[in-house]
Structure formats: structure tokens, C-alpha cells
Amino acid sequence: MSHGNTAMQQSSKAQDRPLGVWFQNIQHGYVKLPRFQRYEAWDRHRVASFLDTIIHNLPVGVTLALEVAGEEKFLSRYISTADPASPGTVNQHLLDGQQRLTAFWRSMHNNYEWVTFFVHLPEFDKSLEGNEERDISIRSQNRWTANNGTRRPIWSDEPAKCLDRGLIPIDLLRPEDLSSEVDQWITEATASLEPADDEPEALKKYKAYTAVKDRLKAQISELRERVKHFNLPYLSLPAQTSKDVALQVFINMNTNSKPLSLYDIIVAEVESIAQRSLHDLEQELVESCPKAMRYGDVRNLILATSALLQEKLPNNRGMIEMNKQVLLDNWGTLEVGLERMANLLESQGVVDEARLPTNAVLAVLAAAYEHVPEDGDFVAKAEELLRAYLWSAFFTDRYENSAASRAYADFRALKELLIRRDFTEADWKQVPIFNREEHPLADQDSLISAGWPKNVGIERRGILAVSSYFGANDFADDKRISYGNVRKREYHHIFPDALLAEAEIPSYLALNCALITWKTNRIIGRKDPLEYIKERVDLSNEDAVRTRLKSHLIPYECLSKAHYADLEGEPLASRLRADFDQFLKDRAVLVEAAVLELTRGKQPTLDQIWSQQEPQSDD
């Protein structure tokens, strides 16, 4: 403990260091970043603001460095684009100040692909009028690459055109010997001012030309000196500082404008106990489990699943409390669980995060697979249980509130059953989510009132998931819904919004939604539902229309009877309201029948649902 206090006492006084020295230390590889640091995050405006501070010699906050003597305590990396040709001996790890020094290094080389930074010198800007005083400032210019490979705008790389705008590239201020490079740029920038020997008043013009060059060089030289000697002070932790103390200081003193996330802190903690980079493991997981990444942020998936694998709550508290060494020990189990979780979701027609009713199920499923073998008779029994859990999460209120604690309770009960193996369906009631008295399944009235599934909501997206489970064949090409085509589909009204709006009937309901693509134009008129669909997807074959609607659990008969061409006003509203209400009821009957099977872990076929629950439409 005294060791840590000594480290803090010795670090309490900031030490001066000019940017010229920082530049050399970065250039030779003496300064590196601990691998747990997040990558550069500043946008062009933050970079420009920092550069403005430098050229006006204004004060900035201190950085924080950990001295390195001998072996580095942390895995490390060089500042972005600063890998040295011949690396020197590392003597400091930068704990705080990465964004500032990365912005400084990269701007001094002007090597951002998307922007070039300049210093604006008003006296050389031909667009300015009058003699009013103007301050020197930083300007940034967006850059892009044309189809022919040319970097645009072209003028940004032409000294003369830059000078006409009063701009000098900021990399001319780089604190190293650039005398020949500066002279060459000035010569090219002012070439048009140099008179020919036989010009009238050539001597006078030549003196004016050299005066411009001299003033320009003087301003650049002054700015170069400002940059070179600009003080960026730092606090220093001595080399003998323990890793845990260094990490705590890093967490407490990080001054990035974006607060440290829980993941950042856990990355740091993992680094403190094992010479493994969680960033590297994360990238390996993304590559080995690409399907799992479709359903949520990889970092949340890692932390929530890891917490449950240690029987901790899948929330901030549980993630902080979990043993970080065990997190690493469980990594193989985590990878397998996430991939099997994704396979299960895909098999149930849930293809991505945007169509997922609740993300509370993800970690529960992934962690539960630790107790489900890869093959054997038990797999079918276990996955029937997990499917029932999944669909129950979609059609009860179990995860509407306190999702983390409820997911934890469900996981522990599921785990107990999976470890036992000899459980029966009657034993499922031990899992809280299967308590139908506490968490009843959605009924027809609830299904009918569910809102638009493009918006967040468990039940509304659950209804969409049911139609996806049965294929949700596209109206245009008859292809089943999949991760590969879902992003080409759109949320469309079955009874057109324009038609319902005329009768002031709410149209944005989950049961009035189909996730499909359109072949034809997007002009939405006041048309009958079936006519509208046939026209939009260029379909005239009644059997094809009926079959594709069937895969969405959309009753064809309701649409085929819906004709309103000659109606308006109250007659339209009355007839349309009755037809639409019947349509919603008939579709709710079908969806409810599917839900009853799915929440029992069964895998009903489309024909089973239609044959068992054929809707009865009123004539």
C-alpha cells in the first residue's frame, strides 16, 4: 500500500515537456500506448481546436505517463501512424493524452485520409477585402478520392492555390529540420509572382516578390518555433508503480471527452491479470462467430454472457464483480455459446438485432449452451426448452421491466434443469418465465393492439418474428426471409395507410405489417388492399398471391373481399372499419395459434397452423 502511495506522491508535480521533445520521443518509439487504451476518437473539429490552442500558445491540461524501466508492464502499441522504422527502447506508457498526441502527430504529417489541415494567414488571402485585422487560425479541408484515383480537391495539394487562399499546410510546422521542404513550398507557392527579366519594372516587381517570400517565411518560421516549444506538461508515475495502481489512476484520470465505458475498465482489469489483450480476443471472436454479431454489440454480448457464466447478474454490477481471470478461462465456452445462440435465433426466423424483440435473451441462451452437448439425444430435449424460453420472452411481460435480474433468475433455473437432464415438461414451471399466472401469454386483444414493429417493443416485434418463423416469403420474388435479404425489405401496410387514413383508422399496427420488398414505384394511392399488393409486386396469379400471403399468416379471404372504390365518407369508414377489424381478428387467431405452439418449444409447420386455426371471416 505504501508503494502505491509513494508512486502517487512522486507523480503529484507536473513536469514540462515541449512538443518538439514529444515529437522526437514518439518518432523514435520511446513513448507507447497501453494496449487497453481505446483508439483515436477525435473528429476534425476537435483536432482543429487543439491545433488552434497550440499556434496561439494557450495552456492545455496535463498528460499522464507511466515510466518504463526494463520490461513493459502492459501490452502496448504505437500511436496511430507512428510505428518507427527502427524502434527505440520504450521508456514511457501514455495513460492519458492519447487523443492530443495522436492529433498532434498525425496533423504534423497531414496523413488523415479524410481531411487536410492548414494554417490560415489572413495577409496572404486574396479573397479578403479591407485592411481589418484578422487572427491566424486553423482551417480544415475535407478530402476524398475520385473514381480515377485523384485526391480531391486538387488545389489542396497545389502550393500556389493554397497561398491564394492564405493557407499553408500544417505539416510545414513539423518540429524537425524542414528548411529545404519549407523553402521549396514557398518557391512553388510564389512562383507566379516572380517577374521575367524583360518585364517592365522587373526590379521593382522582384523586390515585391522577395518581400512576399520573406514575410511568408518569417511567419512560417515563427509558427514553427511556437509548435516546437509549446509546453504539453505531464504527470509521471514511477516505473515501480504496481499495475493495479497504474490502472486505477488510468481509470480515475482519463480526460477523454467520451467517458470511459464499463468495457474500457474491464479491458484494463483483464490486462492487469493476464498478458492477453481483450481487444485482440474480441476481434478473434468477431472473426470466429460472425453470426452472433448480427444480434447486438459484441462487447455487451461478451460481458453479459461472461457474467452469467459466473452466475453474476448480466448488468454493470455483475460485470464488475465477475472474476476477470475466469472470464478469460471461459473464453472458449463463450465463443461456442454465442455461435449456438445465433444459430438458434436464426432457426426461429429472428435474423438480426433490428428484428429482435428483446436482447435480454441473448446472454441467457449463450450461457445456457455451456450445459447443452454438441450432439446426442439430449440436444433435442434441451433446445426444445430453450426455444420455449425464447418465445415466452417474446410474448409475455417478463422482460418489460427489471430485465437483467429476471434474466438472471431464468438462467439459473434453466441451468438447473439442463444439468439435471432428466427433467420433463412439467418441470419447466420451475423457470419463472413459464409461470403463466405471473406472466400470461399475449391474448388476441393484446396482439391486435400491438404497435408498429419497426419501433422498439417486445410484443410488436414478436408478432413480426412469428411471420418470419414461417418464412415471410417476399411478395415479389417468393424468397424466404434471411439475414442476406432482410435489409432490402421494408415495413409496409397490408391495408394501405392512405386508405385507412381517409377513414381515420389507425394503421400502424403489427398485425397490419408485412416485411417485404416492392418491385414497382412507391406511389401509394387509395386502393383496395389486394389490388394494391398485386399491382405493387406485379402479380396476377391468384394462387401465387395466396401462397405468399399465407407464409406471413395473412388471410387472403379478408383482402379479397375488401373493395372500396365507390365509397367515401361515412359509408367508407363504416365498411372499412368492419373489414379491417375482421382482418386483424383473423390474423390474431393465426398468430395466437402459432404462439401457443412456439412457447411450448414446438416447431409447427405453416400447414398445421392454417389447418388447426382456419380463421372464420364474417360475410
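Keep in mind that this is a model prediction, so the values were computed, not measured.
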Side chains of W391 and Q348: any donor to acceptor distance under 3.5 Å? yes
CA sep, side-chain torsions, deciding dist, call: L559, F495, side-chain contact (heavy atoms from CB on, under 4.5 Å): CA-CA 8 Å; L559 304 187; F495 270 67; 3.4 Å; yes
Carboxylate-amine/guanidinium proximity below 4.0 Å for K415 and E311: yes
Tell me if a side-chain donor or acceptor on D410 pairs with a main-chain N or O of I433 at a distance below 3.5 Å. yes
Judged by atom type as modelled, is there a donor-acceptor pair below 3.5 Å linking the side chain of H492 to the main-chain atoms of R489? no
For R421 and H371: C-alpha separation, side-chain torsions, deciding distance, then whether side-chain contact (heavy atoms from CB on, under 4.5 Å) applies. CA-CA 9 Å; R421 290 203 172 195; H371 307 287; over 6 Å; no
Spell out, as yes or no, whether a donor-acceptor pair under 3.5 Å connects the side chain of S551 to the backbone of N473. yes
Here the salt bridge (Lys or Arg N to Asp or Glu O under 4.0 Å) pairs for residues 447-465, sequence neighbours left out, are none
So, taking the atom named NE2 in H279 and the one named CD in E284, what distance separates them when rounded to the nearest 0.5 Å? 13.5 Å
May I ask you to decide whether D427 forms a salt bridge with R420, counting only side-chain N to carboxylate O separations under 4.0 Å? yes
Would you kindly check if the NZ (Lys) or CZ (Arg) of R398 is within the cone defined by 45 degrees around the ring axis of F394 and under 6.0 Å from the six-membered ring centre? no
Is a donor on one side and an acceptor on the other found under 3.5 Å between the side chain of T102 and the backbone of Q99? no
Which one of L327, L313, L303 satisfies the side chain to side chain contact (heavy atoms under 4.5 Å, CB included) criterion with M319? L303
Taking everything shown except K479 itself, do over 12 heavy atoms lie less than 6.0 Å from its NZ? no
Just checking Y508 against H493, ring centres under 6.0 Å apart? yes
I would like to know whether R548 and D478 meet salt bridge (Lys or Arg N to Asp or Glu O under 4.0 Å); could you show each step before the answer? CA-CA 7 Å; R548 295 176 196 184; D478 201 28; 3.5 Å; yes
Is the number of heavy atoms from other residues, nucleotides or ligands under 6.0 Å of R436 CZ greater than 12? yes
For E374 and Y369, which I'm curious about, is there any donor-acceptor pair between the side chains at under 3.5 Å? no
Answer yes when E321 and R317 have at least one side-chain N-carboxylate O distance shorter than 4.0 Å, and no when they do not. yes
Decide side-chain contact (heavy atoms from CB on, under 4.5 Å) for F395 and L598; before the verdict, give the C-alpha distance in whole Å, the side-chain angles of both, and the deciding distance to 0.1 Å. CA-CA 10 Å; F395 286 99; L598 292 167; 5.9 Å; no
Would the number of heavy atoms belonging to other residues, nucleotides or ligands and lying under 6.0 Å from CG of D422 be above 12? yes
Test V364 against Y408 for side-chain contact (heavy atoms from CB on, under 4.5 Å), laying out the working first. CA-CA 8 Å; V364 173; Y408 173 70; over 6 Å; no
Could you check K550, R546, R587 and say which one makes a salt bridge (Lys or Arg N to Asp or Glu O under 4.0 Å) with E557? R546
Name the residue from R294, R355, R480, R340 that meets the salt bridge (Lys or Arg N to Asp or Glu O under 4.0 Å) definition with E346. R294
Between K602 and E384, does the salt bridge (Lys or Arg N to Asp or Glu O under 4.0 Å) criterion hold? Intermediate values first, please. CA-CA 7 Å; K602 306 305 178 183; E384 183 178 51; 2.8 Å; yes
Check whether any side-chain N or O of T547 sits under 3.5 Å from a backbone N or O of A544 as a donor-acceptor pair, and report yes or no. no
Hey, are Y564 and E502 close enough side-chain-wise for a donor-acceptor pair under 3.5 Å? no
Could you tell me if T517 and D474 have a donor-acceptor pair between their side chains, going purely by distance under 3.5 Å? yes
Can you confirm whether the side chains of S80 and E40 place a donor and an acceptor under 3.5 Å from each other? yes
CD/E113: more than 12 non-hydrogen atoms of other groups inside 6.0 Å: no
How about H552 and F475: are their ring centres within less than 6.0 Å of each other? yes
Under 3.5 Å, side chain of E339 to main-chain N/O of V336, donor-acceptor pair present? no
Less than 3.5 Å apart, any donor N or O on the side chain of Q325 or D329 sitting next to an acceptor on the other? yes
